Amino acid sequence: MKIYLRTYGCQMNERDSENIAAEFAERGHDIVSDDAVADIIVVNTCSVREQAEQKAIGKLGHVLARRNARRASLPIIGVTGCMAQNRGGQLMRTLPGIDFILGARKTHMVPEIALKMYARRLGGMCHPKPPRLLRDDPESADTYLDISDDLQSHRYINRHLLADTSQTCAYISIMQGCQMNCSYCIVPKTRGIQRSRPPEEILEEAAKLVDSGTKEITLLGQVANAYGRDIGLGGDAFVGLLRSLDKLDGLERIRFTSPHPSFFTPQLTGAYAELRTLCEYVHLPLQSGSDRILKLMRRPYTASKFLEIVSRLREAKPNISISTDIIVGYPGERDEDFECTKEIFEKSGFDMAYIFKYSPRKGTLSAELPDDVPDSVKEGRNAELLDLLAKQSMEYNLRLVDTEQEILVESCAKRNPDAIMGRTRTHRKVFFKSSKNLAELRGKLIGVKIKSATVAALEGYFYDPEPRL
Ligand code: SF4
């Protein structure tokens, strides 16, 4: 059977989709890249931004319309992820042709339910009718305490990977959910409170990935650096996990996303100087540089505390690359608040950032506030920060010209199949040409001399005759 999966949103969603794909593949089905030939279509959705929701709704509308035009009952079309959790009932009403809707913590049930529905459509009515809408009850503490369901989904991926090709770079989910309560964010409602996986399970998964050829691991968690606090491992559990992973023979690089400034301890900044594998790159969401707005957002840190973390990071690794998330136009944001954001943006020297214009998300605390910053003002602030970002990124990249960078070779360049793409430890994309082909270099660490830079990437040449690994 042919399965098409479309994913919107963050790396957590990407990881969930990998699991869904692995489960289908284990049952002998093919994952295809063209939805027109698929027997089952699954859209894994995101609810964090309005735009991501609209894109997913557009995609669903498109595949439903095509099925309607054919007057067919196949393919089976299902939705999972955060929007399925948050707006499942509404989706059912507005797009009644959708066959199933499974919330963010039910993604592991997607293959089973989709396949049962497919069998029923083909006439196998002996199959019991599977439920169309399954979500967690956000009011039920019990649901959140039962971690077996969603953590179960992280176990089978390795079997698939070991049987299949290796991944140079792989994600590992170290936790689910979030215990913070940022006023604008729907995640605690869609993914539940924080639930960390046991460290031995994470280490086992990492060891298997490394054995199968993985060189770089990115640890995923909504508040990755609060890892383990919910299961009684104490405040240093995340650093402890990094230290254990650092000892894995064959693992070359570790990244993680996303940390919360409130849990960025001196032990964690110290780990950048101490651990061989911990890459000189961190995504540290600021959201706003105004203490007044941070308080309204329920982000329990101040701009000066944020700058202190940045300075500790730069002390540990002077060349560290720091990216961030910013929301402009939060309710009540005045010009002077935005000026503070600009100031912290510059002082932090961010060389990469995701800048969003605030839009209220139904079900969040801030959705109750008047969305009182005019669109034109949000647009202007967004553009100002993008200009500043372009300037800072360019400065950062230009500093790398004429230096040698260690890059981990990942793939062909998307827009130029003759060029090869790898990343520096600081997460910069580097494009280069080589007499060696991709198959010879993929997964290898090589030295590349950087010869030019743009805002978004670097170009170099591969001068190291032998890859180092
Ligand atoms: S820390 Fe805040 S923004 Fe991040 S997932 Fe949790 S509630 Fe959302």
Side-chain angles (χ1 to χ4, degrees), residues 48 178-188 194 221-227 229 234-236 238-239 256-272 281-318 320-358 360-361 364-369 371-373 377-378 381-382 384-385 388-389 392:
V48 171
C178 175
Q179 82 287 17
M180 307 304 281
N181 198 17
C182 303
S183 62
Y184 51 84
C185 182
I186 197 71
V187 167
Q194 177 175 319
Q222 300 293 348
V223 185
N225 55 340
Y227 168 77
R229 291 172 184 240
D236 284 339
F238 183 63
V239 176
F256 59 89
T257 195
S258 288
H260 192 295
S262 300
F263 302 102
F264 224 105
T265 60
Q267 286 77 8
L268 181 51
T269 40
Y272 282 87
Y281 167 73
V282 63
H283 180 73
L284 190 58
L286 169 65
Q287 308 300 6
S288 170
S290 154
D291 289 348
R292 191 179 75 83
I293 296 294
L294 284 172
K295 208 166 175 186
L296 290 174
M297 288 176 165
R298 300 190 174 213
R299 301 276 295 177
Y301 54 88
T302 59
S304 66
K305 162 95 179 147
F306 188 93
L307 286 178
E308 189 194 308
I309 299 167
V310 168
S311 125
R312 278 194 267 122
L313 283 164
R314 295 211 185 277
E315 206 174 296
K317 287 285 173 189
I320 196 164
S321 158
I322 306 179
S323 62
T324 197
D325 292 331
I326 302 281
I327 297 171
V328 293
Y330 185 82
E333 187 187 70
R334 304 175 193 138
D335 286 346
E336 54 267 35
D337 296 309
F338 178 64
E339 288 305 314
C340 293
T341 300
K342 262 175 37 186
E343 186 187 332
I344 305 299
F345 197 99
E346 272 185 289
K347 284 187 174 163
S348 300
F350 299 129
D351 49 80
M352 182 39 209
Y354 300 93
I355 300 160
F356 302 101
K357 290 173 277 180
Y358 173 79
R361 312 307 302 131
T364 60
L365 290 166
S366 68
E368 307 299 319
L369 302 172
D371 183 12
D372 57 359
V373 178
V377 174
K378 287 181 189 168
R381 290 175 186 169
N382 186 53
E384 262 192 74
L385 282 188
L388 192 51
L389 174 64
Q392 292 182 184

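Quick caveat, the model's predicted, so the values are computed rather than measured.
In this structure, the ring of F256 has its center less than 6.0 angstrom from the ring center of F238.
Nearest heavy-atom pair across A303 and L294 is N-CD1, 4.0 Å. Closest non-hydrogen pair, V223 versus C178, comes out as CG2-SG, 3.7 Å. Taking each heavy atom of P261 and P285 in turn, the nearest pair found is CG-O, 3.4 Å. Residues L307 and S348 come closest through the heavy atom pair CD2-OG, 3.5 Å. For the residue pair P360 and A367, the shortest heavy atom distance occurs at CB-CA, 4.1 Å.
L389 places a side-chain heavy atom less than 4.5 Å from the side chain of F345. Side-chain atoms of F263 and M180, non-hydrogen and from C-beta on, do get closer than 4.5 Å to each other. Taking 4.5 Å as the limit, some side-chain heavy atom of L365 sits within range of a side-chain heavy atom of N181. Between L369 and Y330 there is a side-chain heavy-atom pair separated by less than 4.5 Å. Two residues are said to be in side-chain contact when any heavy atoms from C-beta on lie closer than 4.5 Å; Y272 and V282 meet this criterion. Under the 4.5 Å side-chain criterion, counting only non-hydrogen atoms from C-beta, H260 is in contact with R299. Side-chain contact between M297 and I327 is present, with at least one heavy-atom pair separated by less than 4.5 Å. Considering only heavy atoms from C-beta on, R292 comes within 4.5 Å of R334 through its side chain.
Atoms NE2 and CG, from H283 and D325 in turn, are 3.5 Å apart once rounded to the nearest 0.5 Å. Note: L296 CG to Y184 OH = 12.5 Å, rounded to the nearest 0.5 Å. Atom CZ of R229 sits about 8.5 Å away from atom CD of Q179, to the nearest 0.5 Å. Within the model, atoms CD1 of I344 and OG of S304 stand 8.0 Å from one another, a figure rounded to the nearest 0.5 Å. Rounded to the nearest 0.5 angstrom, T341 OG1 and L286 CG are separated by 6.5 Å. Considering CD1 of I326 and OH of Y354, their distance stands at 13.0 Å, rounded to 0.5 Å.
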- request: In sequence, state the C-alpha distance, the side-chain angles, and the governing distance for F264 and Y301, and then conclude on ring-ring contact (aromatic ring centres under 6.0 Å, His included).
  value: CA-CA 11 Å; F264 224 105; Y301 54 88; over 10 Å; no
query: So R314 and I322, side-chain contact (heavy atoms from CB on, under 4.5 Å) or not? Walk me through it.
result: CA-CA 9 Å; R314 295 211 185 277; I322 306 179; 3.6 Å; yes
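Not counting sequence neighbours, the partners of V373 by the side-chain contact (heavy atoms from CB on, under 4.5 Å) test are E333, V377, K378, R381. Taking the side-chain contact (heavy atoms from CB on, under 4.5 Å) definition, one finds that E315 meets it with nothing, sequence neighbours left out. Applying the side-chain contact (heavy atoms from CB on, under 4.5 Å) test to C340 and every residue at least two apart in sequence or in another chain returns S290.
The closest side-chain donor-acceptor pair between Y281 and S323 falls under 3.5 angstrom.
Side-chain atoms of D351 never come within 3.5 Å of backbone atoms of Q392 as a donor-acceptor pair (strictly under, hydrogens ignored). Without hydrogens or angle criteria, T324 side chain to A353 main chain gives no donor-acceptor distance under 3.5 Å.
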